[in-house]
2 protein chains.
Amino acid sequence: MSLVPKDDKVLQEILQAAREIFSKFGLKKSTMEDVARSIGKGKSTLYYYYSGKNELFEAVIKDELDKHIKNMQRAISNASGPLAKLKALFLERLELKKQLLNLGQVVQQDFFDNFETLLNIKKELEITQVGFVKEIVREGIEGGEFRNLSEEDITLFSYWVVAGFGGLDHPVYTSDCLKHSDVFTEKVTGFILYGLKK
Amino acid sequence: MSLVPKDDKVLQEILQAAREIFSKFGLKKSTMEDVARSIGKGKSTLYYYYSGKNELFEAVIKDELDKHIKNMQRAISNASGPLAKLKALFLERLELKKQLLNLGQVVQQDFFDNFETLLNIKKELEITQVGFVKEIVREGIEGGEFRNLSEEDITLFSYWVVAGFGGLDHPVYTSDCLKHSDVFTEKVTGFILYGLKK
DNA sequence: GACTATTTGACAAAATTAGTCTAATAATCT
DNA sequence: AGATTATTAGACTAATTTTGTCAAATAGTC
């Protein structure tokens, strides 16, 4: 994503600064000069590492998503049983949503789709999440908690769950729901599992 | 300050919207379009009431200061004895500082001085505060808590106190101090009163 | 309807920002 | 030390955004 990933220290510095500036002002009102100034460098330095403002923004988003995918992986590994794993996944997904909100009004699906690379990133995120859900479901089937499903059905089910995650990103859902995240999580997890019970 | 103070409702609407936008983005990154959009009107409407962006900003500041002067007045009236009054004044002054910080990085003295009208407003604020302090000191002298001072000395003392208030606006003072506002207030009030004790 | 007040949209001038490019500077190697 | 490569910055232009203007449209009042 970056032109010359030679000096990792500067790269990280730029990413961190950019994340903060974009979070504070949003993409539109943030300038490359803002980012540069905040790390005490010239704007040209940024262009040495990233080919443009949008590219920097994409890098910030991708960096953020990568971190969250890792967090999801870790959360699932740390949980015992499919129920706990699904819950952990769901909670982590909510966290991802919060972070995207924090990146200055970029969570709107239409805005997100405007970047071709971001679209690819989104697909990757979707596939990764589907993978997580499939893994959990398979574990539940093998453990006897869930009814037996064909591989095809597992895939379909997993895509449905992840579609539900995506739906949470739409502005139809207000912050009030997120405030009651424990109750909300239980309910949604319950809905999800209803389709799997023996 | 406004060109045509005819429709007070729209005027207030603009002021309120402007306050929020300026607080969120600061003066520089806020646009008249932002303000207009947030009240669902055209930008030209803003120019009908205010001759320019800076003029609108000044109006917001002046409105804010007026409110705080009233609050200072009320706080002093409600307090008993010069010590309590001085403390109340000081706390209210800190509140004013917070509000100015909230208006998007305008608290810097040099920035403040850039506006001639704002300079006049600042002088007015200074004179008002000096008046409050003098009142409090006189009360303490008459009540026997403070040593007797000439009118000239009272004036000098009051200007010194208000200068101290102004010093708080400089970036040398970090937010950490403001976090411990009770201890901070006690200490500063103590320093102030030290010069007055019998 | 006539008159006045308010609001808006189109637009030009001014200001700001993104991005380019060359020179300066720093780092590395021989 | 000089040569080479990598990184950084400043000057600058083109593109974009913002401020402010002004005439027309619209709303309100008599």
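We name chains A, B, ... by the order of the sequence lines, and we start the count at 1 in each one. All heavy atoms count here, side chains included; hydrogens, waters and symmetry mates do not. Everything numeric here is computed off the predicted structure, so don't read it as measured data.
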Task: Pairwise distance OG(A/Ser38) to CD(A/Glu13) - rounded to 0.5 angstrom - done: 8.5 Å
Task: A/Tyr47 OH - D/dA11 P separation (whole Å) - done: 17 Å
Task: Salt bridge flag under 4.0 Å for residues B/Lys85 and B/Glu135 - done: no
- [ ] Select one nucleotide: of C/dA18, D/dT19, D/dT18, the one nearest the side-chain heavy atoms of A/Met32.
- [x] C/dA18
Open item on the list: In whole Å, I'd like the distance from the CZ atom of A/Phe57 to the P atom of C/dA18.
Closed with: 13 Å
TODO: Starting at atom OH of B/Tyr48, determine the distance to atom C1' of C/dT4, rounded to an integer number of angstrom.
DONE: 9 Å
Task: Separation of C/dA18 P from A/Asp34 CG (nearest whole Å) - done: 8 Å
Task: SB check A/Lys29 B/Asp34 (cutoff 4.0 Å) - done: yes
Task: Greater than 12 external heavy atoms within 6.0 Å of A/Lys70's NZ - done: no
Task: Nucleotide C/dT7, atom C1' - distance to CZ of B/Arg37 in whole Å - done: 17 Å
Task: Check: B/Phe22 ring centroid to B/Phe57 ring centroid under 6.0 Å - done: yes
Open item on the list: Categorize A/Lys41 for me: base, sugar-phosphate, or nothing, with a 4.0 angstrom heavy-atom threshold over every strand shown.
Closed with: sugar-phosphate
Open item on the list: Please determine whether a side-chain nitrogen or oxygen atom of B/Tyr49 lies at a distance below 4.0 Å from atom OP1 or OP2 of C/dT7.
Closed with: yes
Task: d(CD, B/Glu33; P, C/dT16) in whole Å - done: 18 Å
- [ ] Could you tell me whether the phosphate oxygens of D/dA9, OP1 or OP2, come under 4.0 Å of any side-chain nitrogen or oxygen in A/Thr45?
- [x] yes
- [ ] Identify whether any heavy atom of B/Thr31 sits under 4.0 Å from a base atom; if not, whether one sits that close to sugar-phosphate; answer base, sugar-phosphate or nothing.
- [x] sugar-phosphate
TODO: Find the distance A/Lys9:NZ to D/dT7:P and express it as a whole number of Å.
DONE: 13 Å
Task: Along DNA chain D (nearest heavy atom to each residue), the more 5'-positioned of A/Lys43 and B/Lys53 - done: A/Lys43
Open item on the list: Using whole Å, what does the distance between atom P of nucleotide C/dA14 and atom CG of B/Asn54 come to?
Closed with: 17 Å
